[in-house]
There are 2 protein chains.
Amino acid sequence: MTSTAVSSRDLPHPTRGEIRLEGVLHALSDPLRLQIVRELAAVGDELSCSHFDLPVTKSTTTHHFRVLRESGVIQQIYRGTAKMNGLRKDDLDGLFPGLLDALLDAAARQAVRPGGA
Amino acid sequence: MTSTAVSSRDLPHPTRGEIRLEGVLHALSDPLRLQIVRELAAVGDELSCSHFDLPVTKSTTTHHFRVLRESGVIQQIYRGTAKMNGLRKDDLDGLFPGLLDALLDAAARQAVRPGGA
DNA sequence: CGGCTCGTACGATAAGCATCGTAGTACGGG
DNA sequence: CCCGTACTACGATGCTTATCGTACGAGCCG
């Protein structure tokens, strides 16, 4: 069959039209979450939650991924025991052309600044 | 004389190098503050605090302007009894080329969305 | 089945923040 | 000098959020 029933568990996502700029900016105003998004953009593919080595506990990591999902920045899907995360680049580009690239570029520039990390 | 000693009171601003992307995003993730910045960008000039007709008290207005100033998004200067506010467009463009324009464009697009305000 | 790993849910806690009201300061004008 | 206007400072309050720990649920593998 053609259905993509990857798992019985599925997660609530905002539709494209429900994504709010303020929510996106708030989601990205946290250094950890900005870091996650940068990494997702760099690989250009889905990554499991456990791929990220963040300086917080697993509970907190779950929380940050949820904020990113509920703001519409990433989409999440269970694949077996792993939860894969992907940037919603098409939706963001459709809503706010050029914004994501400008944000990623800005983050990259700041990262190479003296004492930028 | 050419000096710009507008007032004895002066306000602390971050230098260009101290401006952090996360701080800018956080400042703009509030609808009121985003609105203020949009208005400043639209007129392309300085505006007094009292020019803005915001649905909050003056105390709260002061607070929002301070957040914008301390994050490096605007610069503030006393001119007589008025406090003028100006976008730090040059600094933001220098640090994060294209970001401010992308953000303003994104906000404008969202504003014309069905139920976007 | 039993156990392992990945991730969630829930409760607690501490910090941050948006908001207000009141009292106060700085400046300009009569 | 006194008053009005513009804005600030401070304290209170209630909401949101970042963080943790522990206990739990879902899927995989032997």
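Bear in mind that the values here come from a model prediction, so they are computed numbers and not experimental data. In what follows, chains are A, B, ... by sequence order, proteins preceding strands, each numbered from 1.
When distances are taken from the side chain of B/C49 to each of C/dG7, D/dC7, C/dA9, the shortest belongs to D/dC7. Taking the side chain of B/R66 as heavy atoms from C-beta on, and the options C/dG7, D/dA9, D/dT19, the nearest nucleotide is D/dA9. In this structure, of D/dC7, D/dT5, D/dA18, it is D/dC7 that holds the atom nearest to the side chain of B/Y78. Side-chain proximity of A/T57 to the nucleotides D/dC20, C/dA18, C/dG7 is greatest for D/dC20. Set against D/dT19, C/dG7, D/dC7, the side chain of B/K58 has D/dC7 as its closest nucleotide. Closest to the B/V67 side chain, of the nucleotides C/dC6, C/dA18, D/dT17, is C/dA18. When each of D/dT19, C/dT5, D/dC7 is scored by its nearest atom to the side-chain atoms of A/L32, the top-ranked nucleotide is D/dT19. Nearest to the side chain of A/T60, among D/dT5, D/dT19, D/dC7, sits D/dT19. Taking only side-chain atoms of A/A82, from C-beta outward, the nucleotide of D/dC20, D/dA6, C/dG7 with the closest atom is C/dG7.
Here the closest non-hydrogen pair linking A/I77 and A/E46 is CG2-OE2, 4.0 Å. Listed here is the closest heavy atom pair of A/L28 and A/V73: CD2-CG1, 4.4 Å. When every heavy atom of B/R113 is checked against every heavy atom of A/I19, the shortest pair comes out as NH2-O, 2.6 Å.
Between A/R33 and D/dA18 there is a side-chain polar atom (N or O) within less than 4.0 angstrom of OP1 or OP2. Between B/S59 and the phosphate of C/dG21, there is no side-chain N or O to OP1/OP2 separation shorter than 4.0 Å. Between C/dG7 and A/S50, a contact under 4.0 Å exists linking OP1 or OP2 to a side-chain N or O.
For the pair A/F65 CZ and D/dT19 P, the computed distance is 13 Å after rounding to whole Å. Per the geometry, CD belonging to B/E22 stands 16 Å off P belonging to C/dG16, to the nearest Å. In this structure, B/L28 places its CG atom 16 Å from C1' of C/dA18, rounding to the nearest Å. In this structure, the CZ atom of A/R79 is 18 Å from the C1' atom of C/dT5, given to the nearest Å. Following rounding to the nearest Å, A/L54 (CG) and D/dC20 (P) show an atom-to-atom distance of 11 Å. Regarding B/I36, its CD1 atom lies at a distance of 12 Å from the P atom of D/dC7, rounded to whole Å. In this structure, B/H26 atom NE2 and D/dA18 atom C1' are separated by 13 Å, rounded to whole Å. The CG atom of B/L47 sits 15 Å away from the P atom of D/dA6 (whole-angstrom rounding).
Residue B/V67 forms a side-chain contact (heavy atoms from CB on, under 4.5 Å) with just one option from B/E70, B/H63, B/R69, and that option is B/H63.
Residue whose closest nucleotide on DNA chain D sits further toward the 5' end, between A/H63 and B/S48: B/S48. Nucleotides of DNA chain C nearest to A/N85 and B/H64 differ in position, and the one nearer the 5' end is that of A/N85.
At a threshold of 4.0 angstrom between heavy atoms, the contacts of B/T62 include nucleobase atoms, whether or not backbone atoms are also involved. If you check every strand for non-hydrogen atoms under 4.0 Å, B/H51 touches nothing.
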Would you sort out whether A/L99 and A/L92 count as a side-chain contact (heavy atoms from CB on, under 4.5 Å), showing the intermediate values?
CA-CA 8 Å; A/L99 179 62; A/L92 294 174; over 6 Å; no

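Between A/D93 and A/R88 there is no salt bridge, since no side-chain nitrogen of the basic residue lies less than 4.0 Å from a carboxylate oxygen of the acidic one.
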